[in-house]
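Protein chains get the first letters and strands the later ones, always in sequence-line order, with residue 1 at the start of each. None of the values given here were measured: they were computed from a predicted structure.
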Amino acid sequence: MSSDVKSMKNGFAVIRFRLPRCEKLEDNAEVFHFMFVKKHQSKNEQEQNCLFLINLPLLTGLETLKKSFSEICSQSGTVAHVSQLLHHDEFGINEIDLSSLTSDLMSTGDKEEKRFTPRNTALLQFMDSSSLENAWSAVCKYSRETQGAKVIDWTFQSPSMATFVNFYKPLDLEYLKEDIYTHMAIFEEREQRAQEEAQSSIVDEDGFTLVVGKNTKSLNSIRKKILNRNPLLKFEKRAKSTSMVDKKAKEDFYRFQIRERKKQEIGELLTKFKEDQLRIKEMKSKRKFNPYA
Amino acid sequence: MASLKRGASDAIKYEESGLRKKALIDTISSQTGEKDVHFEGGNGSESEDTRATGSGKDEDDDEHDDDDSSAEGHEDGVPQARHAVKKIGAQDIQIARETAELFKSNIFKLQIDELLQQVKLKDSHILKVEKFMHKLYDMIQRIPEWGSHTISEVETYFKGKIVTVPFVEPRPTASTKYKFEYKTPDVSLIGSFALKAVVYQPEGSSVDILLTMPESLFEKKDFMNFKCIHKRSVYLAYFTHHLSLLLADEKLSDLFHLEYAYFNGDSLNPILNIKCKPDAASSDYNFYKTKFSINLMVGFPYGVFDAKKLRPNKNCIRIQDDKETRTPFYNFSVLSATTYDHYLKFLYKTKKQTEAFKDACMLGRLWIKQRGFTSDISYCGKLGGFGPFEFATLMSALLSGGGVNGNKILLHGFSSYQLFKGVIKYLATMDLCSEGHLQFYSEIDSSATVPTSRYIEEGFQTPTIFDKTTKVNILNKMSLSCYQTLKLYAQGTYRNLNDTLKDQFSNIFLTNLNKVSNLKYDICFDLLLPTDSVLQEQFGPVEKIRFINLENFVVNKISNVMKIALGERILSFEIELLNRHSSFPISRRKPSGGANISNIRIKILVNPTEHEKLLTRGPVNSDQNSPEVLSFKSFWGKKSSLRRFKDGTITHCCVWPTSASEPVIVQILSYVFKLHLAEDAIISGQTLKQFHELLPLPNLPASSSTSITNLGSYLTLKKSFEDFHKVIFGMQLPLTVKSLLPVGSAFRYTTLCQPVPFAFSSPDFFQDVILEFESTPKWPDEVSSLEKAKAAFLLKIKEQLDSGKYKSFFIRDESIPYNLEVLTLNVLTPDGFGFRIRVLTERDEVLYLRAISNARNELKPELERTFLKFTAKYLTSVRHTRTIENVSHGFPLYSPVVRLFKKWLDCHLLLGHLPEELVETLAMKPFVDASPYLPSASLENGFLKIIAFLSEWNWREDPLVLDLVRPSESEEHAVESSIDAKKFSESLTLSQYKTMESNFSTLRKNDPQGFHVQFFVGSRIDPSGILYSSSVPLPIATRLTALSKVAMTLIKNHGLNKQTIDLLFTPALKDYDFVVKLQSPVALKLSSGVLDSQGYKNLSEQPTGFPSDLSQLSEKMDPTLQLIKYLNLKYRNSIIFSSHQYMAVNGGFDGSRNVITGLIKPLFKTSQRFKVNIDANIEPVDDVQVQLNKEAIFHEIAAFGQDFVTAFEVN
């Protein structure tokens, strides 16, 4: 069914790779992996000369892609120089950058940092536009080849047992110390600078320098705003706090107050009763009153 | 004011008011569209007063006033209600108020009304059966009388006839002097049908018709030596014979099936039962569809015998000159047969006086039925002796007193709810057995002044409600253990009725507890007595007259043995004789097969705090052998020994060994049964043992002889932590340590594998510990730097630790998604345990929250998930651990139950998807919220209750709110409910509960089907209810429910046995889309501290230290856990992968195997449009559509787990 699809309607070329045979899968038919490729168009300078790739095989790295793309190119007799693989995050670990969301102190100021592509996609960057053109035309040509011999074999990068076990290995202490030291040094320096800037640089329209205290970021001021974000309280109704005036006011001074309160009480009683009746009706319709269910 | 005009009850006015009120309510209900609003006259009239008095000042005493109101109260209400719509609102308020006051709450009253509607008998059915009853009456009148005949004449008369005389044992001899005859009886309708208090039952109801033998047939002394009983048997046989002839005459004999039965299981009292044959031709008299059956019972005339001589302590069967042996069964059978009619009149009188009596009876009947009680004699097995009749009689007695001073417990004006609650309270709080009894007068003349019923503080060691009028003990049929069971259930229900938080209606009336006896009882097993000759021998002439038949004798014997042997260890028990027949054809004298006592089922309710005690303490040793000592010694035989205790006393006692596979109770019973019943008595069908053996045994010395409730291994770990705690607090650090709190699951006794020193392969080896420093504003205000700063402190700690006996190392922790900088310090203690230190600062929470508020909208859900993970891991974990640990101290079985539940979940590959905390909270359900059952007191029971709960709970509609408190607290809270107890208890308050409920309803408003969050589990640990469950994917949640449903169906259909239990713990791999089998190069069982099934042989291989090079630790870790984690990360959009988390337990015999199962998400089961962000391994179908490229995925998985994958199965 899929063997004859060469490109998708939205302009993606479909390229296939033959997957290596696996004896544990008792299936002798040939299995292909399909990758979807398109020329990437972006104003971003960092992302010039790129191919947009969708559906990269397992543990694809720059080297494997380089290898397979050079094979594709060689089939059409051209050469394309791959420079790097961008935004490839196979396991989605770096999808969210907590650091930049909590503070801008550690950001490099690079726009690149905030760029991302959807999961299971990546940008393959070429050295120059001619490499890109070569590669693209080769890819288009390759996508039309659906017959046997010309389909390129893909080799998986299999992790070894050690890869999985290494997750349990103790971290190297010297490396850790070094890492912490440098990181903290950078951070402290930037924090220092940021504070100085904050204190000196805010000059308002009239030419006065705004004085900002050291403890502007005091927890409480931020907290109130931020705490509302707590997803655990999302479904909770917040009660209105009573003001001092309300607290002091007498509630049973005037006759009308008593009358009103009684009315209100009865009203509440009645609505509750009505609600209960409805609930019973609902329960009845669900046959909740059968003692022999 | 109506209240002032209230006078004595006037029958006519009363009738009027009732009618009027009905009309009134009709108008209301038609207005409100609610047709089923019930309105009881009594209640109504009271509330009328309340309304009329306006301010409601005397509402309280109204409630307790039992006189009827005057009609004036309605006079102004009725016309207004008819005309003005506004005033109808006032009437509504009226009903609303009334229900709130007279019933527990509005909703409760409405529920009761609805329930009573549901269980009402169809009028057409009643008419149908009544038609036949009229016919029957005519036929009875046509039966010819029969003059007096000798026994031999009787025998010749029945020779060659179909009908046999159902003589009871011993049958009259040929020398019998007295004569037998038949005279037309007095026919009357009795029982609930007569009182119109029958409820619909799916299996059908019975109508009791009483044939009272004329007084002239008896002599004064006929109550002696079976005389009247034999006369009755002949009477019944003659009657049956002629009735069948008459039926044949009327050509109705094809329609009906006649058989003998024992009334209430009493073998002295045969009755005739008439049923319609299922395939009978249609006829006016065919009432088959109504499922009724008719019991024709033969009674003696009231007062024909001297009641005093038939008291329980008298002898009425003489063997030789013995006048002392009591014959309570016989006496009761004879005496009660004279009172059927009398009690009907008595109850009818009460019903007339008490408006809600009938409804309350129906409620009581349902309550009794759901708990498995019947009116049958409890001595012949099952829960008996307390049926609807006893309930109604008790209620009547309490309506005319019942208190210690004869004060009225119930009042005639009470609502059905109040009457019901009053009876339950009485049963729950008053002891009618050992400390006292209830005395009442069943006077039927309503004009006579009746002495009040009174609670007398004198117990007869047998359940007693004594009727001074008839001299009958209403509870005579009830055994002690039955009474205890009844009391336990009454106490539970009383607590439920007092529960102000939850709606307990269905627990009280709707849940049938008898469906699975393993849920109702903690321990169930069969007692086989292959040779019952010993018992047969013991059943001598004296026993025969005391117990009447062998079954009663044996059951009594077993009860006594169990009671003495187990004492405080159990709460109650039930003995059921299997294969017992209580009905037999009219052509036979008695049920075929005779007494069958070789097959007995014993069901026990265990006392959770006492059952595993090693010692059975007897009397103190003294020089002379006191009778107690002698009886103790003779009861226990060889097991009895002398022991000196710390306080210097020397006592006779028995010591029992504990075992990981068998509870002490079972050991005791198998010993005493052999000693006292039969040498070859066998306890079989004991499923509990198999459940015990399912728990993984720790590789510790003597683990197979350690009780499952023993928490020793956990306590060793806790001790190790205490030492470590001291070390940390003794350190010199730049910031002082504020707290070091244990949060790992071993600290709350819930790890699947018990902690074993140096068993570092176990996933639970490193126990989480939260470290907090004194607060400082200097923590970096950025997440990765904050983590680095924490690590810097941990480095300092490590330096100081390494100089001592502790070893430690750093690991990157991935428990908080997207925070890749978290480092934990893993510490190895010298005694072989591991702790994982995480640092918590006051800055963390703010940073995670800030990330949420700064993020783009589409990232917010992910960040919220991160925040929840953080909260669960760092903040609530402390509270969770503390609460669970504390509560589980009150429930000794909690720890083994939660461990077995975890094993079950892991067996079915679900544990990896469910947060531990969620699992542990769910496992609390059978303990803290057991009703209508009792809190679980055995491994089997607890586990099954969790499964049963999961199979029935509707997560979409109901929030699960658990009040996590220890049993003692909740007890006081419910029964005493004093203000002080409330203040100090940690129970949920109403407002907390309401908050959780409203949280749930807002949650469901946004997501009615529960696609995002299926489980809502609120408790004081997590009032939001979603902290732990929000990460559970919908397919996993539904699978959990589906699996438990399958499990419960299996148990219901096939019972519990070796096969079904094995099946319960066999993963259904065929349900998944594909299965990958894995084989790890290292076996993990031993290094995880799990004992091999071969037992002690491998004890020597137990590791005794950590490798000197800590990086070697990783070689014995589970690599598949990481594999599965990365697979789930890579394919998270399209496939859900599951695997066993505990290879040591579920990974084959040496713990080296595992499986990965894949569940393709429904969206990817079909083709879909190609999108850039489709995030799945896809192949094109055409130039628009794509589908999941399964083959390629399988290749990827095979390549990913190259070193482990052994086989692939695609379903």
Original post:
What part of B:L366 gets closer than 4.5 Å to chain A, counting heavy atoms only: side chain, backbone, both or neither?
Top reply: side chain
Original post:
Does the pair A:K272/A:E268 count as a salt bridge with the N-to-O cut at 4.0 Å?
Top reply: no
**OP:** Measure distances from B:L868 to the heavy atoms of chain A and classify the residue's part below 4.5 Å as side chain, backbone, both or neither.
**Re:** side chain
Original post:
Is it true that a side-chain atom of B:S785 and a backbone atom of B:D781 form a donor plus acceptor pair closer than 3.5 Å?
Top reply: no
**OP:** Using non-hydrogen atoms and a 4.5 Å limit, figure out which bit of B:N819 sits close to chain A: side chain, backbone, both or neither.
**Re:** both
Subject >> chain A contact via B:I1197 - which portion, at a heavy-atom distance below 4.5 Å >> reply: neither
Subject >> Aromatic plane relationship, A:H40 with A:F52 - under 30° parallel, 30 to 60° tilted, over 60° perpendicular >> reply: parallel
Original post:
Quick one: of A:P118, A:S158, A:S160, A:A162, who has the most non-hydrogen atom pairs under 4.5 Å with chain B?
Top reply: A:S158
**OP:** Specify which of B:S506, B:A1207, B:P817, B:A789 makes the most heavy-atom pairs with chain A at under 4.5 Å.
**Re:** B:A789
Subject >> Test ring-ring contact (aromatic ring centres under 6.0 Å, His included) applied to A:Y181 - qualifying residues, sequence neighbours left out >> reply: none
Original post:
side-chain hydrogen bond (donor to acceptor under 3.5 Å, both in side chains) with A:D89: which residues, sequence neighbours excluded?
Top reply: none
Original post:
Which region of B:Y1126, side chain (C-beta onward) or backbone (N, CA, C, O), has a non-hydrogen atom less than 4.5 Å from a non-hydrogen atom of chain A, or is it both or neither?
Top reply: both
**OP:** Identify whether NZ of Lys or CZ of Arg in A:R18 sits under 6.0 Å from the centre of the six-membered ring of A:F32 and within 45° of that ring's axis.
**Re:** no
**OP:** With a 4.5 angstrom heavy-atom cut-off, could you sort out which part of B:Q118 is near chain A: side chain, backbone, both or neither?
**Re:** side chain
**OP:** Measure B:D1183 against the heavy atoms of chain A and call it side chain, backbone, both or neither at under 4.5 Å.
**Re:** both
Original post:
Picking from A:P291, A:P57, A:P159, which has the most non-hydrogen pairs under 4.5 angstrom with chain B?
Top reply: A:P291
Original post:
Is it the backbone or the side chain of B:V1076 that comes under 4.5 Å from a heavy atom of chain A, or both, or neither?
Top reply: neither
**OP:** Hey, can you tell me if A:W154 and A:H33 have their rings parallel, tilted or perpendicular (30° and 60° cut-offs)?
**Re:** parallel
**OP:** Please state whether the side chain, the backbone, both or neither of A:M184 comes within less than 4.5 Å of a heavy atom of chain B.
**Re:** side chain
**OP:** Below 4.5 Å from any heavy atom of chain A, which atoms of B:K860 appear? Answer side chain, backbone, both or neither.
**Re:** side chain
Original post:
chain A heavy atoms under 4.5 Å from B:L1113: which part of the residue, side chain, backbone, both or neither?
Top reply: neither
Subject >> Top contributor to chain A contacts, counting heavy-atom pairs under 4.5 Å, from B:A791, B:G1025, B:A851, B:P861 >> reply: B:A851
**OP:** Pick whichever of A:N10, A:T163, A:T121 has the most heavy-atom pairs under 4.5 Å with chain B.
**Re:** A:N10
Original post:
So which of B:P1119, B:P1081, B:S1111 actually passes side-chain contact (heavy atoms from CB on, under 4.5 Å) with A:V165?
Top reply: B:P1119
Original post:
Under a 4.5 Å heavy-atom cutoff, which of B:F505, B:F810, B:F1200, B:F1208 has the most pairs with chain A?
Top reply: B:F1200
Original post:
Using the benzene-type ring in the case of Trp, are the ring centres of A:F289 and B:F509 under 6.0 Å apart?
Top reply: no
Original post:
Should the pair B:E862-B:R865 be classified as a salt bridge under the 4.0 Å nitrogen-to-oxygen rule?
Top reply: yes
Subject >> Heavy-atom pairs under 4.5 Å with chain B, option from A:L56, A:I54, A:N166 with the top count >> reply: A:I54
Original post:
Would A:F34 and A:F17 satisfy ring-ring contact (aromatic ring centres under 6.0 Å, His included), going step by step from the backbone distance to the final call?
Top reply: CA-CA 7 Å; A:F34 296 87; A:F17 300 101; 9.5 Å; no
Subject >> Pick from B:L1127, B:D1022, B:I852, B:N1177 with the largest number of heavy-atom pairs that fall under 4.5 Å of chain A >> reply: B:N1177
Original post:
Are B:Y848 and B:F867 near enough that their ring centres are under 6.0 Å apart?
Top reply: no
Subject >> Most contacts with chain A, counted as non-hydrogen pairs under 4.5 angstrom, among B:T1206, B:L1027, B:V1205 >> reply: B:V1205
Original post:
Counting N and O atoms only, with roles assigned by atom type, does the side chain of B:R812 sit under 3.5 Å from a partner on the main chain of B:L820, one being a donor and the other an acceptor?
Top reply: yes
Original post:
Contact part of B:K369 toward chain A, heavy-atom cut-off under 4.5 Å: side chain, backbone, both or neither?
Top reply: side chain
Original post:
With only heavy atoms counted, which part of B:Q201 is less than 4.5 Å from chain A, the side chain, the backbone, both or neither?
Top reply: both
Subject >> Contact class of A:F167 relative to chain B, heavy atoms under 4.5 angstrom >> reply: both
**OP:** Search all heavy atoms of A:S143 against all heavy atoms of A:V14 and return the closest pair with its distance.
**Re:** CB-O, 3.0 Å
Original post:
With a 4.5 angstrom heavy-atom cut-off, which part of B:K798 approaches chain A: side chain, backbone, both or neither?
Top reply: side chain
Original post:
Non-hydrogen atoms of chain A under 4.5 Å away: do they reach the side chain of B:V1210, the backbone, both or neither?
Top reply: neither
Original post:
Most heavy-atom pairs under 4.5 angstrom with chain A, which of B:E1209, B:E1196, B:Q1202?
Top reply: B:E1196
Subject >> Pick from A:N290, A:D179, A:N120 with the largest number of heavy-atom pairs that fall under 4.5 Å of chain B >> reply: A:N120
Subject >> Atom group of A:M35 that falls short of 4.5 Å from chain B, counting heavy atoms >> reply: neither
Original post:
Is A:T64 reaching over with its side chain to a backbone N or O of A:T60, donor-acceptor style, under 3.5 angstrom?
Top reply: no
Original post:
Should the pair A:E282-A:R279 be classified as a salt bridge under the 4.0 Å nitrogen-to-oxygen rule?
Top reply: no
